[in-house]
S.K.: 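Quick one: this structure, given as structure tokens, is what I'll be asking you about.
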Amino acid sequence: MSELLPNRRFGILVAILLLVASLTGFLAQKFPHAPPKTGAQAPTDKEVQEVHLSKAYELLNAGRFAETQKLLRGLLRRNYRDPEILRLLGKSYYAEQRYTEAEEVFRQLVERNELDASALNNLGQTLFKQHRNPEARVFLERALEQDATSPYILLNLSDVLRVLGHEEEARALRQKAQDEINRRLSSSSELSRGEKK
């Protein structure tokens, strides 16, 4: 009987080691882009989310839309509430010219925060791409109310107004966008000159 006890302990030890190894493999599959942690501390939800968002930006910029969308939908299934997840998912659909899906995502963002200029702009631009110009105008005008100096919003609204036959308004918005771009470039170059001194 005394011979079985060391063998049993060894068996239990082997079972524990196998369990730890399989758990480590499982976690590596669930969080493939998570940075390795030192010590016994597990990554926080925020850390995992930030790593995945960083990877999603990388995939989106590389034009790997299906992978981007899979990663972001996985984050949404984990119940992360960061609007940036939805924003990236919508941009991914938009870049892939899947405007119906992009519209659905951007509408969710607007429903969460109707003062989000970026979401309003993205929704307006998506509607414009679907040739739904009067509706696009409404959202772009709401976006402009929230951020009157955004060149993106100014240019997008200008495009919609031009298509709707409001050439004068469109031209004025284009000029305002160009003035804002020039102002930002001037400020940027002044800052860089100041750093060189």
S.K.: Which pair of non-hydrogen atoms, one from Ala170 and one from Ser158, has the smallest distance, and what is that distance?
M.R.: O-OG, 2.9 Å
S.K.: Rounded to the nearest 0.5 Å, how far apart are CZ of Phe139 and CG of Leu123?
M.R.: 4.5 Å
S.K.: Does Asp147 reach the side chain of Asn121, with side-chain heavy atoms less than 4.5 Å apart?
M.R.: no
S.K.: Take Arg112 and Leu86 through the test side-chain contact (heavy atoms from CB on, under 4.5 Å) and record every step on the way to the result.
M.R.: CA-CA 11 Å; Arg112 285 183 180 194; Leu86 283 174; 3.6 Å; yes
S.K.: Assess whether atom OH of Tyr152 is packed by more than 12 heavy atoms of other residues, nucleotides or ligands within 6.0 Å.
M.R.: no
S.K.: Are Lys55 and Leu59 side-chain neighbours, meaning at least one heavy-atom pair lies under 4.5 Å?
M.R.: yes
S.K.: Does Tyr57 reach the side chain of His52, with side-chain heavy atoms less than 4.5 Å apart?
M.R.: no
S.K.: Do Lys70 and Glu67 meet the salt-bridge criterion of a basic N to acidic O distance under 4.0 Å?
M.R.: no
S.K.: Short question: side chain of Glu58, backbone of Ser54 - any donor-acceptor pair under 3.5 Å?
M.R.: no
S.K.: Working to the nearest 0.5 angstrom, can you tell me the gap between Gln125 CD and Asn156 CG?
M.R.: 4.0 Å
S.K.: If you compare all heavy atoms of Ala56 against all heavy atoms of Leu88, which two are closest, and at what distance to 0.1 Å?
M.R.: CB-CD1, 4.0 Å
S.K.: Nearest 0.5 Å please: distance from the CZ atom of Arg162 over to the CZ atom of Arg174.
M.R.: 6.5 Å
S.K.: For Ser150 and Arg184, work out which heavy atoms get closest and say how close.
M.R.: CA-NH2, 4.1 Å
S.K.: What residues form a side-chain contact (heavy atoms from CB on, under 4.5 Å) with Leu115, not counting sequence neighbours?
M.R.: Asn113, Gln146
S.K.: Sub-3.5 Å donor-acceptor pair from the side chain of Asn122 to the main-chain atoms of Ser118, do we have one?
M.R.: yes
S.K.: Any idea which heavy atoms bring Ile85 and Leu72 closest together, and the distance?
M.R.: CG2-O, 3.7 Å
S.K.: Hey, any chance Leu157 and Leu164 share a hydrophobic cluster, counting ILVMFWY side chains that come within less than 4.5 Å of each other, even indirectly?
M.R.: yes
S.K.: Would you please test Tyr93 and Tyr99 for ring-ring contact (aromatic ring centres under 6.0 Å, His included) and show each step?
M.R.: CA-CA 7 Å; Tyr93 287 138; Tyr99 299 126; over 10 Å; no
S.K.: Before giving the answer on side-chain contact (heavy atoms from CB on, under 4.5 Å), spell out for Leu161 and Leu173 the whole-Å C-alpha distance, their side-chain angles and the decisive distance to 0.1 Å.
M.R.: CA-CA 9 Å; Leu161 291 173; Leu173 287 176; 3.5 Å; yes
S.K.: Kindly compute the distance separating CG (Leu60) from OH (Tyr94), expressed to the nearest 0.5 Å.
M.R.: 13.0 Å
S.K.: Would you check if Asp82 and Leu53 make a side-chain contact, meaning some heavy-atom pair closer than 4.5 Å?
M.R.: yes
S.K.: Is it true that Arg87 and Asp116 make a salt bridge, defined as a side-chain N closer than 4.0 Å to a carboxylate O?
M.R.: yes
S.K.: Taking atom types as modelled, is there a side-chain donor on Asp179 or Gln175 under 3.5 Å from an acceptor on the other?
M.R.: yes
S.K.: Can you find a heavy atom in the side chain of Lys91 that is under 4.5 Å from one in the side chain of Val105?
M.R.: no
S.K.: I need the Gln178 CD to Leu154 CG distance, nearest 0.5 Å.
M.R.: 11.0 Å
S.K.: Is it true that Arg137 and Glu141 make a salt bridge, defined as a side-chain N closer than 4.0 Å to a carboxylate O?
M.R.: yes
S.K.: Which heavy atom of Ala117 sits nearest a heavy atom of Ala143, and at what distance?
M.R.: O-CB, 3.6 Å
S.K.: Please tell me whether Phe128 and Leu144 are part of a single hydrophobic cluster in this structure, the criterion being side-chain heavy atoms less than 4.5 Å apart.
M.R.: yes
S.K.: Just jot down the salt bridge (Lys or Arg N to Asp or Glu O under 4.0 Å) partners of Glu104, sequence neighbours excluded, or say none.
M.R.: none
S.K.: Report whether Phe106 and Leu76 are members of the same hydrophobic cluster (ILVMFWY, side-chain heavy atoms less than 4.5 Å apart, transitive linking).
M.R.: yes
S.K.: Counting only N and O atoms by type, is there a donor-acceptor contact under 3.5 Å from the side chain of Glu114 to the main-chain atoms of Glu111?
M.R.: no
S.K.: Considering non-hydrogen atoms only, spot the tightest contact between Ala119 and Leu109 and give its length.
M.R.: CB-CB, 3.7 Å
S.K.: What's the spacing between Thr126 OG1 and Arg98 CZ if we round to 0.5 Å?
M.R.: 13.0 Å
S.K.: If you measure from the Lys or Arg side-chain nitrogens to the Asp or Glu carboxylate oxygens, is any gap between Glu145 and Arg142 under 4.0 Å?
M.R.: no
S.K.: Consider side chain to side chain contact (heavy atoms under 4.5 Å, CB included). Of Leu140, Leu127, Val160, which one does Glu135 pass it with?
M.R.: Leu127
S.K.: Do the side-chain N and O atoms of Gln69 and Ser92 include a donor-acceptor pair separated by under 3.5 angstrom?
M.R.: yes
